[in-house]
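Have a look at the structure below before the remarks.
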Amino acid sequence: MKIGFFDSGIGGITVLHQALKLLPNEEYLFYADTSNVPYGEKTKEEVKKYIFQVVEFLANQGIEALVIACNTATSIAANDLRRTYNFPILGIEPAVKPAVQNSKGNAKKVLVMATNLTLQEEKFHSLVQSVDKNDVVDFIALPGLVELAEKFKFDDETVIPYLEDALYPLNLYDYGTVVLGCTHFPYFTNSIKNILPKGVDIISGSVGTAKNLDRILKSRDQNNQSKLDIKFFKSGNLITDKETLDKYWKLFEKLDELKL
Ligand code: DGL
């Protein structure tokens, strides 16, 4: 089956990486909208326009299912996209519900890390309101991590000072669970672990999205493709140069190394 994945950039690969574990024999089209990254720092209207351009492109390539591998794009456009296209559309949202559940076990607060736009959206606030009965959820935007990921800068020497500075106003000992509410953030799991007190659980929604995709394809009995194929696109152009392709493939190795 031909499945489209898209994100503003390389963040979506963290979701595709999980999908490959469950559905290793499908045809994937991965679209990074790198001309318009970061989505999280733009207006809702602007980002929605970009998202529709991306999905129209993927629809023209004949995709039979779409994964919005971006929390920001999901919160801005998932419902509108579902009204416009007939193929199944799956999104990803900050894993607030399992985090609140987890907080009952460790009696500590939850910190959601995401983009500014995700955190501004009504969708996020209604999600929090529906599950956060004991007022344990705090949130913070970390746009710098999107920027660093897009520069393929994952080293502790660069990342840790940024995180220390951004998280300075918080008492990190208050938290028992951190939600990675942006698909660019899992690359930084080790640095995030390094600055948090020991024992804080880090969760993201990508496993849940991959499971949903698997379930939907199985229910349609269409996931019997025999061979894996992945094509990468950067804002409408098929990536063919070896250097960029190698960089993308290395990201899967990085995520394997992180044991995500
Ligand atoms: N990766 C995206 C997300 O999950 C957005 C990053 C950005 O473009 O700001 O929210």
Side-chain angles (χ1 to χ4, degrees), residues 4-19 30-55 58 66-79 81 89-96 99 111-125 127-128 139-154 159 162-163 166 178-189 192 202-210 212-213 232-236 248 251-252 254-255 258 260:
F5 269 66
F6 85 92
D7 179 40
S8 57
I10 61 165
I13 286 180
T14 63
V15 189
L16 179 57
H17 172 251
Q18 295 298 340
F30 181 85
Y31 188 120
D33 194 11
T34 48
S35 305
N36 299 312
V37 69
Y39 282 176
E41 298 299 295
K42 299 193 167 64
T43 66
K44 185 178 170 163
E45 290 69 30
E46 201 180 347
V47 173
K48 204 184 250 187
K49 190 182 80 191
Y50 297 141
I51 293 169
F52 270 86
Q53 283 165 1
V54 171
V55 179
L58 290 171
L66 174 73
V67 176
I68 310 171
C70 172
N71 294 262
T72 311
T74 301
S75 70
I76 299 294
N79 290 340
L81 289 170
I89 297 180
L90 291 96
I92 182 162
E93 60 181 9
V96 178
L111 181 62
V112 180
M113 300 174 170
T115 68
N116 275 307
L117 200 48
T118 298
L119 297 176
Q120 275 161 28
E121 276 302 289
E122 182 51 38
K123 193 165 194 275
F124 174 73
H125 293 282
L127 172 66
V128 172
F139 44 87
I140 187 158
L142 296 173
L145 290 186
V146 176
E147 209 181 311
L148 290 173
E150 289 303 313
K151 290 182 183 152
F152 290 78
K153 282 201 160 132
F154 302 112
V159 179
Y162 167 73
L163 285 173
V178 163
V179 175
L180 304 182
C182 169
T183 57
H184 280 76
F185 295 176
Y187 297 116
F188 302 102
T189 303
I192 293 170
I202 299 180
I203 53 181
S204 94
S206 53
V207 176
T209 299
N212 284 342
L213 179 66
F232 296 98
F233 295 86
K234 265 178 134 184
S235 293
Y248 274 49
L251 293 172
F252 291 95
K254 183 173 177 54
L255 294 165
L258 288 167
L260 298 178

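Counting starts at 1 for both ligands and their atoms, following the listed order. Residue indices begin at 1 and follow the sequence shown.
Residues meeting the salt bridge (charged side-chain N to carboxylate O under 4.0 Å, His left out) test with Lys42, sequence neighbours left out: none.
A donor-acceptor contact closer than 3.5 angstrom is absent between the side chains of Ser8 and Asp33.
Summarising the geometry of Ala149 relative to His184, their closest heavy-atom pair is CB-CD2, 3.7 Å, with the distance given to 0.1 Å.
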**Message:** Evaluate Ile51 against Tyr39 for side chain to side chain contact (heavy atoms under 4.5 Å, CB included), listing each step before the verdict.
**Reply:** CA-CA 10 Å; Ile51 293 169; Tyr39 282 176; 4.1 Å; yes
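Ion pairing between Glu45 and Lys49 fails under the 4.0 Å rule for side-chain N and carboxylate O.
Remark: of the listed residues Tyr187, Phe185, Tyr162, Tyr187 is the sole one forming a ring pair (Phe, Tyr, Trp, His ring centres under 6.0 Å) with Phe154.
For ligand 1, the 4.0 Å heavy-atom shell takes in Asp7, Ser8, Val37, Pro38, Tyr39, Gly40, Cys70, Asn71, Thr72, Thr115, Val146, Cys182, Thr183, His184, ordered by chain and residue number.
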